[in-house]
Amino acid sequence: MFKVIKREGRARRGQFSCAHGGVVETPVFMNVGTQGAIKGAVSAHDLKDLKCQIELSNTYHLHLRPGDSVVKALGGLHRMMDWDGPILTDSGGFQVFSLSGLRKITEEGVTFASHIDGRRIFMGPEESMQIQSNLGSDIAMAFDECVENPAPYGYVKQSCERTVRWLQRCKEEHDRLNALPDCLNPGQMLFGINQGGTYEDLRVWSMQESAKIDCDGYGIGGLAVGEETEVMYRILDVTLPYAPEDKPRYLMGVGTPSNIIESVWRGVDFFDCVMPARNARHGKLFTWQGSLNIKNEKYKLDGRPIDEGCGCPTCRSFSRAYLRHLFKAEEMLAMRLAVMHNLWFYNTLMERIRAALDEGVYEDFRNAYSRKLEEKI
RNA sequence: GGGAGCGUUCCCGAGUGGCCAAAGGGGGCAGACUGUAAAUCUGUUGUCGACGACUUCGGUGGUUCGAAUCCACCCGCUCCCA
């Protein structure tokens, strides 16, 4: 269930709910735990302390390890991770892009050579739906092909047409599985995915066709995969007007704080990105003055918290100098503390975006922070 | 006392006459990272007035057109036998 409660231009302030957790306030950033854990030794319990509203995991990775049947036997992903909030599972469509050297695509689906041991894994729309059903997530993503940018028009056209055909198959299989008596999460929703690369006509076509298939929300995929940022914004500008007004729009895999601010402005409701966690593991931390690299020598004797005024578990107790030391000494606590800070930052960013929308001052917020958060301090 | 080695740029360590400012690793410094094959990857790491010049391979002095590489002595260290 989703409803828009306030608007400012194309930006939307909304509320969403699904089978787990209470009301999700949107715009929302989903915290990525690909294999059922947030990389950097952060658990689902920690997510509660980091103001996370939705957790995201991955179909391909959990199918390989520990196996979706194992997850189902353990009571589902929620039970396994001990996370009682909403979970969105990505379909494996991104792996068609990220593991492009290890797969072959046909109309039926995609055959992967497992990145772990090379064995053949076939995944098509039906398989992806079955796996996500076994995982028991609250939102299943349609199985799509995420195409790199730039790509030839002809290829993108046939690919996004196939992705729409796959969406139809996903929808049918999803409805069938949800109706089965032993279904782990009969309330599981399905989001379709818009593709079309950097081609406006394909994007619009893909959106229109996907909208004809009744989904609970729509992902915008295939962005931030090689194209210029301005191209991504242009695609959002031309595509989102064709997305159903009463359904959430999810910009998949995006992005930087600035990307998020700009995309909310253009009408996006859901986001997810590995950036806060990955960058944290590599020492790049976000602050309201811009980002910093905690490993830099200048923080050697810096007794201040990462971000003055930040209320995250890390900043409440530890100094930049200590964190720098932990990174230099390769203590795993470094990653944990850094990841917690960055996830808190992203979740707080969304909180402030929502507050600005509530107060009708989002344009001011955008002007104040969109550029600033891209700076390095 | 006798014998055998070793000393290289921040560290370890290759290099035994020119292609050597000197491999490789570590450490240092910096950068990248966007639905996670990422605790990963990349650049850089003698000095300078820098498409060139200068100083450097324990020290000093030689041999040579040319030396980290060969010779002599000195200093320091290691191992073996007594």
Side-chain angles (χ1 to χ4, degrees), chain A residues 29-42 54-62 64-65 88-103 112-118 121 128 132 137 139-149 191 193-195 217-229 232 250-260 262-263 268 270-286 291-300 324 326-336 338-339 342 346 374 376:
Chain A
F29 178 79
M30 301 184 282
N31 295 213
V32 182
T34 301
Q35 308 196 78
I38 287 72
K39 291 187 192 295
V42 172
I54 305 182
E55 193 274 344
L56 183 151
S57 290
N58 182 276
T59 299
Y60 168 88
H61 289 284
L62 290 171
L64 260 59
R65 274 189 311 214
L88 179 148
T89 41
D90 186 31
S91 62
F94 184 69
Q95 279 61 45
V96 179
F97 160 78
S98 66
L99 302 178
S100 63
L102 298 172
R103 61 30 174 195
F112 292 95
S114 159
H115 70 285
I116 299 166
D117 59 11
I121 308 289
S128 180
Q132 296 185 73
S137 58
I139 303 169
M141 294 306 298
F143 187 64
D144 65 331
E145 179 191 357
C146 176
V147 180
E148 67 173 350
N149 291 325
F191 279 23
I193 302 179
N194 169 264
Q195 289 289 347
Y218 293 89
I220 313 296
L223 290 176
V225 284
E227 80 286 3
E228 293 294 309
T229 303
M232 173 170 83
Y250 161 30
L251 179 54
M252 306 180 75
V254 174
T256 65
S258 176
N259 290 162
I260 290 175
E262 290 302 317
S263 301
V268 174
F270 285 42
F271 298 88
D272 85 284
C273 192
V274 305
M275 185 174 282
R278 181 182 289 166
N279 280 3
R281 274 179 276 128
H282 300 164
K284 183 167 172 177
L285 307 176
F286 295 98
S291 63
L292 61 83
N293 185 340
I294 196 64
K295 293 193 271 194
N296 285 178
E297 189 168 32
K298 59 184 170 184
Y299 302 119
K300 190 175 188 171
R324 176 180 134 93
L326 294 177
F327 266 103
K328 290 302 199 177
E330 295 182 67
E331 285 291 343
M332 41 185 169
L333 182 59
M335 294 203 179
R336 179 172 156 78
V339 170
N342 273 1
Y346 264 65
E374 292 206 308
K376 289 180 193 123

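Just so we're clear, the structure is a prediction, and the values are computed from it rather than from any experiment. Chain naming here is simple, since letters A, B, ... match the order of the sequence lines and numbering starts at 1 in each. The figures here come from the full heavy-atom set of this structure, side chains too, leaving out hydrogens, waters and symmetry mates.
- Nucleotides B/G58 and B/C11 are separated by 13 Å at their P atoms, to the nearest Å.
- Across all strands shown, A/Ile193 has heavy atoms under 4.0 Å from base atoms, whether or not it also approaches the sugar-phosphate.
- Among the protein residues, A/Asn279 comes within range of the nucleic acid bases, having at least one heavy atom under 4.0 Å from a base atom.
- Going from the P atom of B/U78 to that of B/C73 covers 22 Å, rounded to whole Å.
- Here the separation of B/A14 from B/U69, taken at their C1' atoms, is 13 Å to the nearest Å.
- The side chain of A/His115 lies closest to B/A37 when the candidates are B/G31, B/A39, B/A37.
- With rounding to whole Å, A/Met252 atom CE is found 13 Å from B/U34 atom C1'.
- To the nearest whole angstrom, the two P atoms, one in B/G52 and one in B/U40, are 38 Å apart.
- For the 3.5 Å distance criterion, the side chains of A/Gln195 and A/Asp144 qualify, holding a donor opposite an acceptor.
- At B/U36, none of the side-chain N or O atoms of A/Ser98 fall inside 4.0 Å of OP1 or OP2 (strictly under the cut-off).
- Within 4.0 Å of A/Gln195, counting heavy atoms only, lies at least one base atom of the nucleic acid.
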Passes side-chain contact (heavy atoms from CB on, under 4.5 Å), A/Ser91 versus A/Tyr60? Steps please.
-> CA-CA 7 Å; A/Ser91 62; A/Tyr60 168 88; over 6 Å; no
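- Side-chain to base pairing of A/Asp144 with B/G35: one donor and one acceptor N or O lie within less than 3.5 Å of each other.
- A straight line from CD of A/Glu330 to C1' of B/G26 spans 11 Å, rounded to a whole angstrom.
- In this structure, NZ of A/Lys39 is placed 6 Å from C1' of B/U36, rounded to the nearest angstrom.
- Pair check for B/U60 finds B/A72; Watson-Crick or G-U wobble, both atom distances under 3.5 Å.
- Separation of the A/Tyr250 and A/Tyr218 ring centroids does not fall under the 6.0 Å cut-off.
- Note on A/Gln95: every side-chain N or O is 4.0 Å or more away from OP1 and OP2 of B/G35.
- Using atom P as the reference point in both B/G59 and B/G7, the two lie 13 Å apart (nearest Å).
- B/C48 and B/G52 make up a base pair, with Watson-Crick or G-U wobble contacts both under 3.5 Å.
- Mapping A/Arg278 and A/Gly222 onto RNA chain B by nearest heavy atom places A/Gly222 at the nucleotide closer to the 5' end.
- A/Arg103 comes within 4.0 angstrom of nothing in the nucleic acid, heavy atoms only.
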Would you sort out whether A/Ser114 and A/Asp117 count as a side-chain contact (heavy atoms from CB on, under 4.5 Å), showing the intermediate values?
-> CA-CA 6 Å; A/Ser114 159; A/Asp117 59 11; 3.2 Å; yes
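- Within the 4.0 Å cut-off from OP1 or OP2 of B/G31, at least one side-chain nitrogen or oxygen of A/Asn293 is found.
- Across every strand in view, B/A30 sits in a pair with B/U42 that passes the Watson-Crick or G-U test at under 3.5 angstrom.
- As rounded to the nearest Å, B/U34 and B/C29 have C1' atoms that lie 27 Å from one another.
- When Watson-Crick and G-U wobble pairs are counted only if both distances are under 3.5 Å, B/G1 pairs with B/C81.
- Each of A/Lys298 and A/Leu102 lies near RNA chain B, and the nucleotide nearest A/Lys298 is the one positioned closer to the 5' end.
- To the nearest angstrom, C1' of B/A32 lies 11 Å from NZ of A/Lys295.
- Distances from the side chain of A/His61 to the nucleotides B/G35, B/A37, B/A39 place B/A37 closest.
- A straight line from NZ of A/Lys328 to P of B/A30 spans 7 Å, rounded to a whole angstrom.
- Whole-Å rounding puts the A/Glu297 CD to B/G31 C1' distance at 16 Å.
- Among the atoms of the strands shown, base atoms are found under 4.0 Å from some heavy atom of A/Asn259.
- A/Lys376 comes within 4.0 angstrom of sugar-phosphate atoms only, judged by non-hydrogen atoms across all strands, and of no base.
- At most 12 non-hydrogen atoms from other residues, nucleotides or ligands lie less than 6.0 angstrom from CD of A/Glu228.
- Looking only at distances, no side-chain donor or acceptor of A/Arg281 sits under 3.5 Å from a matching main-chain atom of A/Gly40.
- Rounded to whole Å, the separation between the P atoms of B/A67 and B/A82 comes to 45 Å.
- In this structure, A/Asn194 contributes its side chain and A/Gly219 its backbone to no donor-acceptor pair below 3.5 Å.
- By the 5.5 Å and 30° criteria, A/His282 is stacked with the base of B/U40.
- Looking at heavy-atom distances under 4.0 Å, A/Ala277 makes contact with a base.
- Taking atom C1' on both B/C57 and B/G17, the two are 15 Å apart, rounded to the nearest angstrom.
- Between A/Phe327 atom CZ and B/G27 atom P the separation is 16 Å, expressed in whole Å.
- Nucleotide B/C19 forms a pair with no other nucleotide shown, judged by Watson-Crick or G-U wobble geometry with both contacts under 3.5 Å.
- Ranking B/G31, B/U34, B/G35 by closeness to the A/Asn296 side chain, first place goes to B/G31.
- Between the CZ atom of A/Phe270 and the P atom of B/U34 there is a distance of 23 Å, given to the nearest Å.
- By the 30° and 60° cut-offs, the orientation of the rings of A/Phe286 relative to A/Tyr346 is perpendicular.
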